Number of protein chains: 2
Amino acid sequence: MAKDTDDTIAGRISRELADRIILGAIEPGARLRQDHVAKEFGTSHVPVREAFRRLEAQGLAVSEPRRGVRVAAFDLREVREVAEMRAALEVLALRHAAPHLTAAILDAAEEATRAGDTARDVRSWEEANRAFHRLILAPCAMPRLLASIDDLHAASARFLFATWHAEWEARTDHDHRAILASLRQGQLDAAAATLARHVQWIGKRPVKTPSGKTRETFAIVG
Amino acid sequence: MAKDTDDTIAGRISRELADRIILGAIEPGARLRQDHVAKEFGTSHVPVREAFRRLEAQGLAVSEPRRGVRVAAFDLREVREVAEMRAALEVLALRHAAPHLTAAILDAAEEATRAGDTARDVRSWEEANRAFHRLILAPCAMPRLLASIDDLHAASARFLFATWHAEWEARTDHDHRAILASLRQGQLDAAAATLARHVQWIGKRPVKTPSGKTRETFAIVG
DNA sequence: AGGGGACATTTTATCTATAATTCATCGCCA
DNA sequence: TGGCGATGAATTATAGATAAAATGTCCCCT
């Protein structure tokens with residue numbers, strides 16, 4: 001839904017804030033104060049409020065009338081929800097994209113997979129992963145579907161960064177390779193099944209809480 | 001995503017405009033001029049702009065910077081796209097809702113089906129149809145998924161009203177009954193399959209264009 | 001007659017200032 | 001100590017003004 005070619009101030013603010021929220025630079029539950037944001041961006045509060053509405057629609061912020069807007073919180077339930085929605089919608093997109101996939105596209109997707117495997121931090125891994133999914137899905141040419149998937153990817157990335165914001169160990173993405181192999185052989189059902197399982201794989205990771213206890217955090221890793 | 005309990009002026013305006021767009025009271029492509037809307041609602045232009053942003057996110061309006069916002073146009077491709085997205089997401093919701101479905105809910109859904117069968121105009125049919133889908137899906141308790149489905153229902157209703165805005169003939173909804181029967185017997189796969197086919201059934205209807213020619217219009221009818 | 005450019009109008013996008021409402025906090029007093 | 005009201009802060013909304021862009025009109029020139 002978010003147009004990248006939106007040169008309005010409201011558009012710039014919403015993109016910048018979305019980035020920060022996804023990267024975890026602003027914590028879940030933190031208040032977004034319109035006058036502070038306005039001052040930071042050197043604007044008035046009017047475009048800031050419009051940016052807030054867009055973030056709300058993307059699920060990155062929640063607004064309570066007369067009580068301001070906060071960065072959306074999330075829990076394991078929502079991580080699962082987003083993963084299942086991605087599975088359903090990405091499979092749909094893949095089925096429509098498949099007839100239009102070319103060897104060049106599949107090669108580019110394989111290159112993206114390699115870039116992900118050698119990524120040294122979460123951020124570049126996420127970028128490569130997103131590129132892979134976009135490459136094989138975009139040929140479906142269904143704008144509304146692709147926009148929804150983009151929003152879900154943003155949510156996924158947020159969960160991912162929240163969990164692995166510091167360390168990251170390189171790992172070979174066998175799922176991506178299996179999907180590409182199936183697509184090259186025209187085995188659409190197999191590719192779709194692998195994709196569905198892939199995006200629902202939820203990584204677990206122990207994390208030390210401020211109080212010293214150890215709990216597990218979760219994120220979609222695919 | 002649209003909260004019905006939003007007592008801000010922007011919320012009221014966006015709900016009212018959404019209703020008009022869905023009902024076809026404002027035609028696709030028509031410009032939404034902020035000052036006109038502001039005057040009509042007796043407000044300033046600021047909440048109007050916020051309302052526009054929400055409509056944009058719902059896919060009911062499109063905005064080009066510095067060129068204003070228009071009611072979104074749509075064609076058969078988008079009707080199909082929305083139908084397929086609904087199939088994918090409603091099946092997902094149904095699979096999660098099924099374990100929480102009670103006899104009371106299924107009875108209410110059957111009542112909604114009866115109301116739809118005896119509806120004398122499109123509008124009341126649409127209301128009953130939406131109630132049916134909401135009843136059997138809401139117990140999945142996945143807010144983000146349900147919000148997406150709601151937006152897609154709004155789009156479906158728009159296509160429906162655009163096609164059958166005048167005449168409407170009552171018809172018995174066999175699909176709804178088959179879905180309920182399957183659910184009562186615990187046959188989730190059968191219910192899901194029927195639901196998926198049901199929401200993708202696209203009604204066709206000949207329509208006279210202003211120029212005197214006859215063409216076909218299309219809408220999701222389920 | 002028709003095309004092109006100058007000009008006026010409209011509309012958007014934004015800012016500033018200000019009022020009203022509501023929420024949170026803090027201190028006072030019983 | 002605990003409830004209660006006052007104060008302050010932030011959001012929500014209004015009003016009016018301004019700059020920039022787009023649209024439309026009209027006239028002139030070829």
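Atoms considered below: every heavy atom in the structure, side chains included; atoms not considered: hydrogens, waters and symmetry mates. The structure displayed is predicted, hence computed values, not measured ones.
Taking 4.5 Å as the limit, every side-chain heavy atom of A/F41 sits out of range of all side-chain heavy atoms of A/I9. Between A/V69 and A/R31 the shortest side-chain heavy-atom distance does not fall below 4.5 Å.
Rounded to 10°, the helix from C/dA1-D/dT30 to C/dA30-D/dT1 has 10° between the axis fitted to its first five pairs and the one fitted to its last five.
The closest side-chain donor-acceptor pair between B/D151 and B/S148, if any, does not fall under 3.5 angstrom.
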## Note on the structure
Under a 4.0 Å heavy-atom criterion, the protein footprint on nucleotides 5-18 of chain D, written with B, S and -, is -----SBBBB-B--
### Task
Show your reasoning for whether side chain to side chain donor-acceptor pair (under 3.5 Å) applies to A/E90 and A/H153.
CA-CA 11 Å; A/E90 293 201 25; A/H153 268 254; 2.8 Å; yes
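The shortest heavy-atom contact between B/F159 and B/A219 is O-CB, 3.5 Å. Scanning both residues, B/V71 and B/I26, for their nearest heavy atoms gives CG2-CG2, 3.7 Å.
Aromatic ring orientation, B/H176 versus B/H133: perpendicular (interplanar angle above 60°, classes split at 30° and 60°).
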